[in-house]
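See below for the structure under consideration.
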Amino acid sequence: MDFKEHVVKKIVDITGLDSETAMKSVEIPPDEKMGDLAFPCFPLAKVLRKAPPVIAQELAGKLSDDDIIDRVEAVGGYLNFFFNREIFIRETVTAIQSAGNEWGKSDVGGGRTVLVEYSSPNIAKPFHIGHLFSTALGNSLAKIYSYLGYNVQSLNHLGDWGTQFGKLISAYKRWGDKAVIEKNPIQELLKIYVKFHEEAEKHPEFEDEARDYFKKLEDGDKETTDLWKYFREISLVEFNRVYDILGVKFDSYNGEAFYSDKMDEVVDILRDKNLLVESDGAQVVDLSDLNMPPCIILKSNGATIYATRDIAAALYRRRTYNFYKNIYVVGTPQALHFKQLFSVMKKAGWEWADDCVHVGFGLVRFDGKNLSTRHGDIVYLDDVLNESIEKTREIIEQNNSAVDDKETAAKKIGIGAVLYTFLKNSREKDIDLSWDTMLDFEGESAPYCQYGYARGRSILRKAEGIDYSDADFAKAVSGETYSLVKQLNAFGDAVKDAAEKNEPFYVNRYVTNLTKAFNKFYNTNPIMKEDVDMDTKKARLAIVDVTTKVIKTALGLLGIETVESM
Ligand code: ARG
């Protein structure tokens with residue numbers, strides 16, 4: 001039983017609107033006292049030439065009674081619908097029971113392919129907090145799209161190509177010490193790379209050497225290629241440490257290098273379409289008609305750049321995956337880069353450029369002093385994650401909690417806390433990370449939601465042996481129960497909104513509100529107390545059961561795991 005559809009049907013009957021318009025116009029009132037759904041009459045005023053409050057009154061008079069809708073009130077220009085609470089609770093809870101762990105799941109995706117590119121760190125450079133933000137967002141989006149029936153491919157577009165590799169090879173051959181590098185690969189590679197820049201000021205010939213090395217690399221020379229492979233491998237070992245802790249997996253690690261032999265075609269296509277113009281010796285696509293700076297395709301020395309590789313990558317993805325959507329989870333500082341790319345692609349006549357989406361996110365600040373790093377000056381992300389786990393373990397110890405396996409619990413809670421923080425606000429907002437908010441078990445945090453889940457599970461353990469599969473909800477129609485069940489009912493909408501706007505925070509806010517409603521529910525509606533009669537007990541247990549399932553599923557879509565006791 002879909003209550004919204006039912007209300008929409010009624011509205012269609014009395015107004016003559018088409019169901020799509022009616023569906024779009026019904027809203028959830030800001031305050032529960034104003035009903036469960038509201039239909040604003042303002043858009044009808046023009047056609048009917050009447051004031052909205054008059055229309056609302058007239059429409060209310062035309063509505064016939066039924067079981068599902070308890071009453072309808074005309075207030076101002078709104079028609080407010082109040083559901084029959086008992087029926088709503090029964091219908092919703094039994095629907096979730098039969099959905100098992102798949103409540104809110106849908107097949108709107110119909111198996112269409114969605115590419116989610118995320119994380120994409122740079123070889124021989126630190127995996128920084130922005131890459132972690134991308135990883136948290138992308139991982140969640142991938143799960144959300146899968147839950148909606150899309151075929152999702154997770155892509156890691158590694159930054160593993162470019163003239164900087166010529167410099168790195170030159171630096172390595174001069175100052176590289178394998179034994180030292182092996183201990184701290186990224187830190188040491190970065191060190192010699194920085195040294196290269198310092199020294200090259202005094203010795204400009206280093207730059208020529210670096211250019212030669214990159215040329216050799218492009219030509220497939222064995223020695224330089226082997227070195228490049230080595231840098232890539234040791235960097236991936238570090239990146240994988242982070243991915244393993246987070247439980248993140250990719251379907252492809254094709255980075256920029258993968259497209260190095262696929263760029264000639266792009267240049268040819270752009271040239272054939274007369275899109276390339278010369279500018280200071282470089283070949284660029286002019287975008288002045290779109291008020292954007294030109295997109296450089298070939299530098300004056302004929303070398304391709306980041307943007308060229310991205311265009312080649314987009315074309316390759318189109319051919320390989322025939323995607324429905326190609327999503328790039330990359331920080332907003334690169335917004336212009338993506339606008340330029342998509343515009344060039346559009347000018348090339350690739351209509352599917354419209355299916356490419358840049359999902360940007362804001363800056364992250366983290367008080368560096370609070371981070372203990374075993375590696376010195378660079379903040380290593382696995383250190384941040386491990387510190388979160390460590391701090392969580394201390395809290396668990398202090399709380400004397402009933403956890404059996406403190407190690408596993410600390411890991412799930414500590415990691416969840418970090419992921420949650422990245423997905424807490426709309427993604428374009430800058431964020432400040434702090435341990436206090438991340439690990440605030442009572443505030444809006446992962447531990448708060450995980451605790452709610454664990455509480456529910458502990459109630460269910462106490463109720464072992466009670467069969468609540470056939471619960472009668474007549475005695476469980478309290479205000480808190482109703483608010484909770486309304487939240488439960490709204491899960492599917494939150495997931496759809498998250499996908500539509502590429503904003504996992506809709507799911508994050510959802511699960512937080514759900515947990516809050518659950519807290520209120522079990523604090524005001526005793527469940528296992530002796531004086532609670534069996535019918536009420538069963539009804540409340542059934543609600544606890546479905547709530548824990550939905551909390552678990554929703555957290556899962558954020559990449560956050562649950563623990564059975566806390
Ligand atoms: N490697 C880049 C960086 O660290 C991000 C790559 C983004 N993806 C892309 N297709 N350009 O800034």
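Residue numbers run from 1 in the order of the sequence given. We count ligands from 1, going down the list as the structure has it; atoms in each ligand are counted the same way.
The local environment of CZ in F342 is crowded, with over 12 non-hydrogen atoms from other residues, nucleotides or ligands closer than 6.0 Å.
Of the polar atoms of Q334, at least one N or O is found under 3.5 Å from an N or O of ligand 1, judged by distance alone. In terms of polar-atom proximity, defined here as any N/O pair under 3.5 Å, N122 does make such a contact with ligand 1.
When the options V330, D310, L341 are ranked by their closest heavy atom to atom 11 (N) of ligand 1, first place goes to D310.
Ring orientation note: the planes of F206 and H203 are close to parallel, at an angle under 30° on the 30°/60° scale. The aromatic rings of Y259 and Y316 sit perpendicular, their planes meeting at an angle over 60°, well past the 30° parallel limit. Using bins of under 30°, 30° to 60° and over 60° for the plane-to-plane angle, the ring pair W175/F196 lands in the perpendicular bin. Between W352 and F323, the ring planes are perpendicular. Angles over 60° get that label, and only those under 30° would be called parallel. Using a 30° and 60° split on the angle between ring planes, Y145 and Y150 fall in the perpendicular class, above 60°.
Shown in contact with H157 at under 4.0 Å from a heavy atom are these atoms of ligand 1, numbered in order with element: 8 (N), 9 (C), 10 (N). Ligand 1 places these atoms under 4.0 Å from at least one heavy atom of Y328: 10 (N).
Between the side chains of T515 and T512, no donor-acceptor pair is found at a separation under 3.5 Å.
For H131, the heavy-atom gap to ligand 1 drops under 4.0 angstrom.
Only the side chain of F338 comes within 4.0 Å of ligand 1, judged by heavy-atom distances.
Of all protein heavy atoms, the one closest to atom 6 (C) of ligand 1 is Y306 OH, 3.3 Å. When only non-hydrogen protein atoms are considered, atom 8 (N) of ligand 1 lies nearest to E117 OE2, 2.8 Å.
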